[in-house]
Structure formats: structure tokens, C-alpha cells
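Remarks on the structure that follows.
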Amino acid sequence: MSAIAVLSDVHGNRQALDAVLDDVAGHGITRWWCVGDIVGYGADPGYALDVCLSGAELCIAGNHDLVVAGHLPLEAFASWAQAAAAWTRIALGPDQCARLATLEPTGSADGVDVVHASVRDPVWEYVVGLEEAAPSLEAATADLTFIGHTHIPAAWHRFPDGAVEGVSTTTPVTLIPGRWLVNPGSVGQPRDRDPRAAWACFRPEHRTVEFVRTRYDVAGAQAAIRAAGLPGLLADRLSDGF
Ligand code: ZN
């Protein structure tokens with residue numbers, strides 16, 4: 001099986017998505033999956049949705065996609081995220097919202113599961129540490145599950161005896177026996193204080209995951225957010241990577 005790029009939390013950031021897909025192609029990778037939150041926050045939701053629906057082999061919905069599509073109420077969000085979601089609904093229009101509404105928050109391909117948030121709560125739970133990772137690893141039905149939602153690259157491993165460890169993402173991870181929960185980080189709104197777009201390269205034949213960062217036109221994405229009249233903090237945070 002050939003390598004697969006795993007992209008999550010694009011959040012309507014056209015500049016980041018284009019740069020990552022260029023980098024993916026530069027790595028010789030032709031297959032990619034999308035782990036949800038295609039829209040919300042960024043200024044180009046329609047572009048991101050088109051690219052993900054036409055290009056990704058596997059594409060699931062995140063909480064932002066579900067709110068914008070009308071599956072969840074706007075009130076589920078804080079006020080500034082509500083404002084962004086309401087703007088995104090209008091920017092997409094009814095036809096694009098209907099396409100977004102066809103996506104589910106879970107999926108699987110090649111024996112790998114993909115869920116936006118966590119295995120035990122695919123829509124909302126933030127897996128930030130062992131406390132949240134352990135129950136999801138116990139509930140997992142595949143050896144490998146990709147998640148997103150926190151916008152922070154991470155990997156957790158459950159040994160066959162049930163012990164769970166966090167694994168560094170600074171070097172490629174070899175998927176030794178047991179179960180794995182892997183978060184590639186966010187393409188469009190990184191929150192680990194590194195403003196570069198984040199994604200992961202999964203090589204099934206080698207059982208490895210490499211965490212990759214890609215520089216992109218942050219200023220261009222910020223200018224588009226401001227020009228759209230979206231909340232200013234959504235632009236500001238892109239240069240902080242937080
Ligand atoms: Zn997100």
C-alpha cells in the first residue's frame with residue numbers, strides 16, 4: 001500500500017491547504033485523508049470543501065462542519081466561533097452546506113479508523129493527554145485510529161498488556177504492536193505554538209507515521225480573514241500558532 005497523507009482541521013485556510021498539498025505531492029504522495037473541520041474560522045470554506053471532497057480518498061466531518069451543516073446548533077459554540085460559523089453558512093450557501101451535511105464524523109479505510117475528536121465521542125471530546133487517550137484506546141476497534149480536533153500533533157500507544165504511553169512526534173513513529181491513536185495536528189490553525197501547517201505521512205507498508213510541518217502564506221490567510229470581516233482573533237492567532 002502506498003503512503004497516505006493525513007490532514008485535519010483545515011478550517012477554510014486556503015493558503016495552508018494549498019501549501020500542504022504541494023508538499024504532499026513533493027513527497028511523492030498521491031493519496032490523502034481528511035479528519036474533519038474542513039470549514040469554520042478561515043476565509044475560504046467553499047474552496048476547502050471543494051478540494052477535500054474532490055481530492056481526499058476519505059473525508060469525515062468535524063464539529064465545525066456539523067454546526068455549519070445544521071446538524072448541531074450554533075449555540076454549541078462560544079460567541080466568536082458562533083459568529084464564524086454563521087458567516088461560513090452564508091459564505092457556503094445552501095448547496096455547499098448540503099454537500100457538507102453528507103459527511104459523517106467517523107470513517108475507515110484500509111483497516112484504519114478515522115474519527116474527528118475521540119473514539120468514545122467522535123464530535124466533542126478533546127484528547128489532550130493520557131487521561132482521555134486511554135479510554136479511547138480501550139474502545140478502539142482498529143489497531144490505528146487517526147483523530148484531530150485539538151490542533152496539536154500527538155501519538156499514544158496502548159501495549160498489548162493494556163499499559164498506555166504518550167509517544168514523541170518529533171521523530172517518525174514506528175507503530176509497534178498494540179493500538180495507536182494519532183493526531184496529525186492542524187493544517188489551517190495550528191495550536192502548538194508553531195505557525196507552520198501540520199500534517200502526517202502514514203506509510204502502511206513500513207508501519208510508520210511521520211509528522212510534517214509546511215510553511216505557508218500566513219499573512220495572506222490573515223488578510224483574507226480580516227477582509228471577510230471575521231473576528232480578528234482568528235487572524236491574529238495564525239502567526240502565533242496558538
Ligand atoms: Zn478544529
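Note that the numbering runs from 1 along the sequence shown for the chain. Hydrogens, waters and symmetry mates play no part in the numbers below; they use all other heavy atoms, side chains included. Just so you know, ligand 1 is whichever comes first in the structure, and atom 1 is the first atom listed for that ligand.
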For Val112, the other hydrophobic cluster members (4.5 Å side-chain criterion, sorted by chain and number) are Ile4, Val6, Trp33, Val35, Leu58, Ile60, Val114, Leu144, Phe146, Phe159, Val167, Val173, Leu175, Ile176, Trp180, Val182, Phe202, Val209, Phe211
Using a strict cut-off of less than 4.0 Å between a Lys/Arg side-chain nitrogen and an Asp/Glu carboxylate oxygen, indicate whether Arg99 and Asp50 qualify as a salt bridge.
-> yes
Is a salt bridge present between Asp236 and Arg226, judged by a nitrogen-to-oxygen distance below 4.0 Å?
->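 So Asp236 pairs with Arg226 through a salt bridge.
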Side chain to side chain donor-acceptor pair (under 3.5 Å) between Asp113 and Thr141, worked out | CA-CA 8 Å; Asp113 283 347; Thr141 52; 3.0 Å; yes
Donor-acceptor contact below 3.5 Å, side chain Arg158 vs main chain Ser136 | no
Run through the protein N/O/S atoms less than 2.8 Å from the Zn ion (ligand 1) and write them out by chain and number.
->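 Counting only protein N, O or S atoms under 2.8 Å from the Zn ion (ligand 1), the list reads Asp9 OD1, His11 NE2, Asp37 OD2, His151 NE2.
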Verify the ring-centre separation between His27 and Trp199: is it less than 6.0 angstrom?
->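 Ring-ring flag for Trp199/His27: true, centres closer than 6.0 Å.
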